[in-house]
Amino acid sequence: QVTVVESGGGSVQAGGSLRLSCVVRESGIDTSYCRGWFRQAPGKEREGVAVLYGGGGITYYADSVKGRFTISQDNAKNTLYLQMNSLEPEDTAMYYCAAVYPGLVCGLDREKFGYWGQGTQVTVSP
């Protein structure tokens, strides 16, 4: 069983920063090798933003956020973070934290992720 809970969303002006947090609690399975952040804007499909593989050794980012967002994980706290800098209005979306289906190869594909949080809203004004 896996539960995923995000926090840290909010409203900022363009150029501002936010940090999202995600606590993953699991029993009987281990998803720590692949967790990530996704987002979904109104009328659009859910897309991968950043994924962390191997407990932090490897990261994948969507091209649209490279150089602005940083994904990290505190293994002791079982908490995943997304530091978002230089935010743009186009970053406005519901952000979701997710953990992989155990055994699958890690990546930005949302189909690989079977455990999702409820989402946290990020709104960036011009």
Side-chain angles (χ1 to χ4, degrees):
Q1 183 177 357
V2 180
T3 59
V4 180
V5 179
E6 309 98 333
S7 61
S11 297
V12 296
Q13 289 188 324
S17 298
L18 283 172
R19 188 176 81 155
L20 305 183
S21 300
C22 168
V23 177
V24 180
R25 292 189 173 88
E26 52 198 17
S27 175
I29 62 174
D30 181 7
T31 67
S32 61
Y33 74 96
C34 182
R35 295 172 179 165
W37 290 95
F38 295 76
R39 66 185 181 186
Q40 187 167 17
K44 294 187 177 181
E45 292 189 354
R46 192 171 298 187
E47 62 175 357
V49 174
V51 169
L52 189 148
Y53 172 57
I58 300 172
T59 54
Y60 303 102
Y61 293 96
D63 288 342
S64 59
V65 306
K66 283 181 182 176
R68 300 188 298 122
F69 290 11
T70 303
I71 187 171
S72 62
Q73 180 163 271
D74 184 329
N75 293 319
K77 296 181 179 179
N78 229 13
T79 301
L80 188 72
Y81 301 100
L82 185 68
Q83 178 65 44
M84 304 185 293
N85 298 328
S86 301
L87 282 161
E88 303 168 352
E90 293 74 22
D91 296 317
T92 295
M94 185 72 78
Y95 282 70
Y96 297 90
C97 178
V100 71
Y101 281 118
L104 295 187
V105 175
C106 195
L108 277 172
D109 298 336
R110 66 184 185 192
E111 291 78 11
K112 297 179 184 290
F113 292 80
Y115 307 96
W116 296 84
Q118 78 288 352
T120 185
Q121 179 68 36
V122 172
T123 302
V124 185
S125 57

Pair Val49-Tyr60, side-chain contact (heavy atoms from CB on, under 4.5 Å): steps then yes or no: CA-CA 8 Å; Val49 174; Tyr60 303 102; over 6 Å; no

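- Between Tyr61 and Ile71 the shortest side-chain heavy-atom distance falls below 4.5 Å.
- At a threshold of 4.5 Å between non-hydrogen side-chain atoms, the residues Glu47 and Arg110 do not count as touching.
- With hydrogens and angles disregarded, a donor-acceptor distance shorter than 3.5 Å links the side chain of Asp30 to the backbone of Ser32.
- At least one donor-acceptor pair closer than 3.5 Å links the side chain of Tyr33 to the backbone N or O of Gly103.
- At least one donor-acceptor pair under 3.5 Å links the side chain of Glu6 to the backbone N or O of Gln118.
- Checking each of Glu26, Arg35, Gln73 against Asn78 for a side-chain hydrogen bond (donor to acceptor under 3.5 Å, both in side chains) leaves exactly one that passes, namely Arg35.
- For the pair Thr3/Val24, no side-chain contact is recorded, criterion being any heavy-atom separation below 4.5 Å from C-beta on.
- Using a 4.5 Å heavy-atom threshold, the side chains of Val2 and Ile29 count as touching.
- With a 6.0 Å cutoff to the six-membered ring centre and a 45° limit on the axis angle, Arg46 counts as a cation-pi contact of Trp116.
- No side-chain donor-acceptor contact under 3.5 Å links Trp37 to the backbone of Leu80.
- A donor-acceptor contact shorter than 3.5 Å links the side chain of Asp74 to the backbone of Lys77.
- Using a 4.5 Å cut-off on side-chain heavy atoms (C-beta onward), Leu108 and Phe113 make no contact.
- Screening residues 86-107 for side chain to side chain donor-acceptor pair (under 3.5 Å) gives Arg39-Asp91, Arg39-Tyr95, Arg68-Asp91 as the qualifying pairs, with residues at least two apart or on separate chains.
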Using a 3.5 Å cut-off and no angle test, enumerate the donor-acceptor pairs between side-chain atoms of residues 9-23 and protein atoms at least two apart in sequence or in another chain.
residue : atom : partner : partner atom : Å
Ser17   : OG   : Asn85   : OD1          : 2.9

